2 protein chains.
Amino acid sequence: MAIEEFLEDNLNHPTADEIYNAVKTKLPRITKATVYKNLKVLLSEGLIKEVNVKGVTRFEAKIDPHHHIICKNCAKIIDFASQELTDYALQMIRNQKDFKIQSTETIFYGICKNCES
Amino acid sequence: MAIEEFLEDNLNHPTADEIYNAVKTKLPRITKATVYKNLKVLLSEGLIKEVNVKGVTRFEAKIDPHHHIICKNCAKIIDFASQELTDYALQMIRNQKDFKIQSTETIFYGICKNCES
DNA sequence: GTACGTGCAAATGATTTGCGTTAAG
DNA sequence: CTTAACGCAAATCATTTGCACGTAC
């Protein structure tokens, strides 16, 4: 189980399948079911977070709140930390009465260096 | 096909399944495959947008750029229009060099009135 | 022995694909 | 006739579930 955490720190925003393949090199007998079960546990413990892009679910080790930049072409994700932006967004929404807001995250869509040829 | 668009305007952020059920009352012989095919066409034409929450894909008629407030409990989504927030976010990211940013969207997570009992 | 995490295989659910049919120009 | 959209059934893909087993306390 600690194996998952280890992996989370290394790769950037892998899918469940990518995690499975990576862990398999260390634990050849592991199955996807086990990976999913552990991801679920880690999620419920708040140790990791899931991000959804174009219907693809990816996971990341949860550090502090941050934002994401996503390539519209290859779906690559990079983090963008900015407490300032978080604060500003929360400021904007402060008098929303139908929801009790708990957190916020901004997503930027664009094309990464690799994909603009 | 125009039927889909019609629906998009009415319901708020329905899933493919909800769209299917709604359209079926008008066109009883329609199938999910047709709904998916049309959703794909509308997406590629830029007439609708998809939003992903907790692995659930929802669709909305594309109007102008806006943000979303999502209930962590029931996954209900409501829109939050704020050009000001959009502008601020783009301002924050302006000297990002690895990505050519095209758009941005902020998501707020919270609990809706209905779900806080 | 009791409980928990595992591997495995089967089940589920969403989305996609292939294909024969149909309606419109 | 030709094309594009459709309905249908089967296929695919991600994720989940049930269950029997082995290890640790």
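Just so it is clear, the structure is predicted and the values come from calculations on it, not from any experiment. Throughout, a chain's letter reflects where its sequence line sits, starting with A, and its residues are numbered from 1. Atom set for the values below is all heavy atoms of this structure, side chains included, hydrogens, waters and symmetry mates excluded.
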### Query
side-chain hydrogen bond (donor to acceptor under 3.5 Å, both in side chains) with T86(A): which residues, sequence neighbours excluded?
H67(A)
### Query
Looking only at side-chain N and O atoms, does T34(A) come under 4.0 Å of OP1 or OP2 in dG7(C)?
yes
### Message
Show every salt bridge (Lys or Arg N to Asp or Glu O under 4.0 Å) that has at least one partner inside residues 24-39 of chain A, sequence neighbours left out.
### Response
D17(A)-K32(A)
### Query
What pairs with E50(B) under salt bridge (Lys or Arg N to Asp or Glu O under 4.0 Å), at least two apart in sequence or on another chain?
none
### Task
Check each residue of residues 21-28 of chain B for a non-hydrogen atom within less than 4.0 Å of any atom in DNA chain C, then write out the ones that pass by number, or none.
none
### Message
Tell me every residue that passes side-chain hydrogen bond (donor to acceptor under 3.5 Å, both in side chains) with E18(A), counting only those two or more places apart in sequence or in another chain.
### Response
none
#### Entry: Partner set under side-chain hydrogen bond (donor to acceptor under 3.5 Å, both in side chains) for T34(B), not counting sequence neighbours
T31(B)
Report all side-chain donor-acceptor pairs from residues 105-115 of chain A shorter than 3.5 Å, counting only partners two or more places apart or in another chain.
from    : atom 1 : to      : atom 2 : distance (Å)
E105(A) : OE2    : H68(A)  : ND1    : 2.7
T106(A) : OG1    : T106(B) : OG1    : 2.8
K113(A) : NZ     : D98(B)  : OD1    : 3.3

### Query
For Y88(A), which residues count as a ring pair (Phe, Tyr, Trp, His ring centres under 6.0 Å) partner, sequence neighbours excluded?
Y88(B)
### Query
Which residues satisfy the side-chain hydrogen bond (donor to acceptor under 3.5 Å, both in side chains) test with E45(A), sequence neighbours excluded?
none
## Note on the structure
Sequence neighbours excluded, the answer for salt bridge (Lys or Arg N to Asp or Glu O under 4.0 Å) partners of K49(B) is E60(B)
### Query
Just the endpoints, please: which first and last nucleotides of DNA chain D, 5' to 3', lie under 4.0 Å from a heavy atom of chain B?
dC6(D) to dA9(D)
### Task
For each nucleotide in nucleotides 9-25 of chain C, reading 5' to 3', give B when a protein heavy atom comes within less than 4.0 Å of its base, S when such contact involves only the sugar-phosphate, and - otherwise.
B----SBBBB-------
### Query
Taking atom types as modelled, is there a side-chain donor on D87(A) or Q91(A) under 3.5 Å from an acceptor on the other?
no
